[in-house]
Amino acid sequence: VITVVGAGRVGSAAALDIVLRRLDDVLLLDIVEGLPQGEALDLGHAASSYGIDVEITGSNDYRDMAGSDIVVVTAGVPRRPGMTRLDLLQRNAEIVRQISSRIVEYAPKSKLLMVTNPLDAMTYLALKATGFPPKRVFGMGSILDSARFRYFLSKRLGVSRSSIQALVIGEHGENMLPLLSHTSVSGVPLPEIVSTDGVKGTVEETRGTAAEVIRLKGGTVYAPAAGVGEIVEAVVKDRKAVFPISAYLDGEYGVRGVCIGVPAVLGREGIERIVELQLVDEEMAVFMRGVEALKKVVSKLEISQ
Ligand code: LAC
């Protein structure tokens with residue numbers, strides 16, 4: 001069973017994505033009476049329409065997550081227009097602490113995929129609050145930034161999205177780091193196709209587009225859900241897929257003691273290994289700005305080491 005904690009817009013869209021990929025039965029958990037049950041019923045009707053025989057259950061009782069292989073945490077207050085992801089910190093930290101203790105109690109062997117913002121800080125908090133090994137706690141952020149970079153590059157270059165391998169790492173936030181030198185079009189490195197100046201606008205669009213979606217419709221939904229589905233599928237099918245995810249660094253990239261977006265190999269056990277890239281100085285500078293920003297944020301969370 002795959003548990004999705006939080007039956008709000010992102011959680012229910014993530015549940016639908018998992019159903020459409022036919023990955024496993026789904027349990028939707030929320031504190032709001034009726035909400036997960038209603039979403040589960042609606043999702044079950046959708047599955048029936050698609051001829052997909054997975055079971056979707058809605059519950060307000062955390063005990064129902066017992067035995068879950070993966071727990072996806074989307075619960076928390078979402079950003080409102082004009083807010084940064086970091087503005088959500090204390091409120092969502094309290095929610096993540098509560099959920100973490102229930103996961104320890106009812107799904108102690110599960111892999112934990114964080115979505116709640118501020119993503120990297122919440123991933124770190126969940127890692128410390130559960131005491132799980134770092135390979136079993138990771139966050140969905142950079143894979144979403146990479147999809148957005150691919151979306152804008154596809155428009156800018158006039159090529160199919162599926163022909164673009166885009167890589168964004170670093171903080172899932174103001175210091176995200178699109179890696180032009182590790183982005184390619186059918187294997188042709190981006191710098192051989194367009195100058196750094198030529199994609200400066202595309203990089204800025206990538207950085208600001210989530211806030212634009214929030215301004216227009218109040219929140220991002222389907223894109224985060226698709227990022228969740230990609231990661232859950234890699235774990236459930238033991239794909240050994242390489243995605244940028246928020247992972248705990250213990251010396252990689254010369255960094256220790258923070259969760260931040262880096263490429264990692266994902267399989268049944270969670271993070272099999274972190275991929276270390278050679279970053280040029282200006283890339284490392286942006287990456288370290290994200291690391292410093294996250295360490296400052298984490299220091300505001302009373303986390304017992
Ligand atoms: C976004 C949220 C999930 O980037 O952080 O859409």
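As the structure lists them, so they are numbered: ligands from 1, and atoms in each ligand from 1. Small disclaimer: the values here were computed from a predicted structure and weren't measured.
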Report the part of H172 (side chain from C-beta onward, or backbone N, CA, C, O) that has a heavy atom under 4.0 Å from ligand 1; answer both or neither where that applies. side chain
Check whether any side-chain N or O of R207 sits under 3.5 Å from a backbone N or O of E174 as a donor-acceptor pair, and report yes or no. yes
Taking 4.0 angstrom as the limit and counting only heavy atoms of P224, give me the atoms of ligand 1 inside it, by number and element. 3 (C), 6 (O)
Going by an N to O cut-off under 4.0 Å, is there a salt bridge joining R289 and E292? no
Knowing that exactly one of I169, L190, V168, V286 qualifies, which makes a side chain to side chain contact (heavy atoms under 4.5 Å, CB included) with L179? I169
Distance check, rounded to the nearest 0.5 Å: E230 atom CD versus L144 atom CG? 11.5 Å
I'd like to know whether ligand 1 has L144 as a neighbour, heavy-atom separation below 4.0 Å. yes
Hphob cluster co-occupancy, F243 + L277, side-chain heavy atoms under 4.5 angstrom: yes
Could you tell me whether R148 and ligand 1 have an N or O pair separated by under 3.5 Å? yes
Looking only at protein heavy atoms, what sits closest to atom 4 (O) of ligand 1 is R85 NH2, 2.6 Å
Any N or O of N117 that comes nearer than 3.5 Å to an N or O of ligand 1? yes
Should the pair R215-E212 be classified as a salt bridge under the 4.0 Å nitrogen-to-oxygen rule? yes
Can you sort out which atoms of ligand 1 are near T220, meaning under 4.0 Å from one of its heavy atoms? 1 (C), 2 (C), 3 (C), 6 (O)
